[in-house]
Protein chains: 2
Amino acid sequence: MATARRLLEAEGPGAVTMRRIADEMGIRAPSLYKHYPDKRSLEAALKAEGLREFGAALSSALAKAGSPIGAIAGAYRSYALEHPHLYRLTNDDELPRDLLPPGLEESVAAPLIAVFGSRDKTRVAWALAHGLVSLELSRRFPPDADLARVWQAAVRALEAMTTKELGAARRG
Amino acid sequence: MATARRLLEAEGPGAVTMRRIADEMGIRAPSLYKHYPDKRSLEAALKAEGLREFGAALSSALAKAGSPIGAIAGAYRSYALEHPHLYRLTNDDELPRDLLPPGLEESVAAPLIAVFGSRDKTRVAWALAHGLVSLELSRRFPPDADLARVWQAAVRALEAMTTKELGAARRG
DNA sequence: GTCTATAGTGGGATAGAC
DNA sequence: GTCTATCCCACTATAGAC
């Protein structure tokens, strides 16, 4: 697993093959099947670790935050840019929910829902952050785009969304 | 190209191989290399077509729109859900900018920039829409999430962002 | 513009000995 | 828990005849 992760982060998903993992460990590929029944289960372990670690990074940014939304956004982007392949594996791919520790997803989401005030708003915030890093990682923005400024605009929009409640409640 | 697109949409990117394309056409794989120098150039043609078509779908939704942002959002989601593999190919993958018709990206973006008022805001809107469909297509939201409501919240946030200008200008 | 033949590379996985 | 040997699969791409 440690080897698989190292390979993934260093060379991308294409490098994570049973043969490469075994090579790096100095053993033969078939030996791996004594530890994992197949490749899918190995990838599932990788995704669970990535999810846990990503959640921890967000929570810890939240803990020392003056302005929570800005802090989460900053931590989200930093983590994704520092671990692009692991980020993609856990947030772009389908999750093997049958092989994941129960409750893991919910435990990652919970602290965020507390910040954004509702599940729906948390999903909007997640989608926005995910969209931004996704497009940045695939270099879909034009090369001259000032992404720091785009993130600032995004954070402002999310802050407006979360504070709007009072006015909306009064109107409703 | 038409065959490649049919394969992509029907069976996903894994089915788009030179062999499958040739099989579907009733010819042999090597014959394809008389029409495209390599696979990358064939994929580039596919991406250009997808980009053009997607842009056209958004523009046409805009043309008959009462509320432009809601209309664009609706068209964005519909297109992505109706052509998931083509959408991913053109919005998730890296673009082969060296093989794309010059000006194509800009011509897709231009009508949107007019709606959202600035490049930065357009990028926020794009990221939000892209994040939402991305997470929906990879089934990353919990199965019981009400995505129609999430999209409504997203559209409200974008509308707030685009109308805020006046107040912000007065303050600034 | 099509064909046959083939090179070269890589992948996941299993059987069975030690 | 490791090994060797192996199966079977798939892919991109080229050479050269027609």
Side-chain angles (χ1 to χ4, degrees), chain A residues 1-51 83-90 92-100 138-139, chain B residues 1-51 83-90 92-100 138-139:
Chain A
M1 257 272 321
T3 307
R5 175 173 176 167
R6 222 184 44 239
L7 270 173
L8 173 70
E9 301 218 36
E11 305 181 32
V16 183
T17 70
M18 301 305 266
R19 288 163 138 105
R20 275 301 303 278
I21 297 168
D23 275 1
E24 297 285 322
M25 296 175 68
I27 64 174
R28 305 293 172 185
S31 308
L32 295 173
Y33 291 87
K34 299 289 183 180
H35 304 270
Y36 293 89
D38 51 29
K39 197 189 177 184
R40 184 164 176 269
S41 73
L42 201 158
E43 273 176 358
L46 218 45
K47 289 181 187 187
E49 176 168 300
L51 212 50
H83 309 275
H85 298 300
L86 191 57
Y87 175 82
R88 295 213 105 122
L89 191 72
T90 65
D92 251 2
D93 266 32
E94 216 135 337
L95 284 184
R97 294 200 162 92
D98 53 328
L99 299 181
L100 250 38
S138 8
R139 287 187 268 279
Chain B
M1 257 272 322
T3 308
R5 177 174 175 167
R6 224 186 40 240
L7 270 173
L8 174 69
E9 301 217 36
E11 305 181 32
V16 183
T17 70
M18 300 307 263
R19 287 170 168 182
R20 276 301 305 277
I21 297 168
D23 274 2
E24 297 286 322
M25 295 176 67
I27 64 174
R28 305 293 171 187
S31 307
L32 296 174
Y33 291 88
K34 299 288 182 180
H35 304 268
Y36 293 90
D38 52 29
K39 198 189 176 185
R40 184 164 175 270
S41 72
L42 200 159
E43 273 176 357
L46 219 44
K47 288 182 187 187
E49 176 169 298
L51 212 50
H83 309 276
H85 297 300
L86 190 58
Y87 176 83
R88 293 213 106 122
L89 190 73
T90 63
D92 251 3
D93 266 33
E94 216 134 338
L95 285 185
R97 294 200 161 90
D98 53 328
L99 300 181
L100 249 39
S138 8
R139 286 186 269 279

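Model, not experiment: these values are computed from the prediction. Throughout, a chain's letter reflects where its sequence line sits, starting with A, and its residues are numbered from 1.
Along DNA chain C, the nucleotide closest to A:Pro30 and the one closest to A:Gly14 are compared, and the more 5′ of them pairs with A:Gly14.
Taking 4.0 angstrom as the limit, B:Ser31 places a side-chain polar atom (N or O) nearer than this to OP1 or OP2 of C:dC3.
We find that CD of A:Glu11 is positioned 13 Å from P of C:dG10, with the value rounded to whole Å. With rounding to whole Å, B:Arg40 atom CZ is found 18 Å from D:dC11 atom C1'. Rounded to a whole Å, the NZ atom of B:Lys34 is 11 Å from the P atom of D:dT14. Distance B:Met25 CE to C:dC3 C1': 15 Å, rounded to the nearest Å. In this structure, CD1 of A:Ile27 is placed 14 Å from C1' of D:dT4, rounded to the nearest angstrom. We find that CG of B:Leu32 is positioned 14 Å from P of C:dT4, with the value rounded to whole Å. As rounded to whole Å, 16 Å separates atom C1' of D:dC3 from atom OH of A:Tyr33. Atom OH in A:Tyr36 sits roughly 14 Å away from atom P in C:dA13 (whole-Å rounding).
Contact annotation: the side chain of A:Ile27 approaches that of A:Leu32 to within less than 4.5 Å [non-hydrogen atoms, C-beta and beyond]. At a threshold of 4.5 Å between non-hydrogen side-chain atoms, the residues A:Arg88 and A:Asp93 do not count as touching. Considering only heavy atoms from C-beta on, A:Ile21 comes within 4.5 Å of A:Leu42 through its side chain.
Residue-to-nucleotide contacts include no donor-acceptor pair under 3.5 Å from the side chain of B:Arg28 to the base of C:dT4. Between the side chain of A:Arg19 and the base of C:dG12, at least one donor-acceptor pair of N or O atoms lies under 3.5 Å.
Here A:Thr17 lies in heavy-atom contact (under 4.0 Å) with sugar-phosphate atoms only. Backbone-only engagement by A:Lys39 is indicated by non-hydrogen atom pairs under 4.0 Å involving sugar-phosphate atoms exclusively.
At a threshold of 4.0 Å, the pair A:Glu43-A:Lys47 does not count as salt-bridged, since none of the basic side-chain nitrogens sits closer than that to a carboxylate oxygen.
In this structure, the nucleotide among C:dG1, D:dG1, D:dT14 sitting nearest to the side chain of A:His35 is D:dG1.
No more than 12 heavy atoms of other residues, nucleotides or ligands shown are found within 6.0 angstrom of CZ on A:Arg139.
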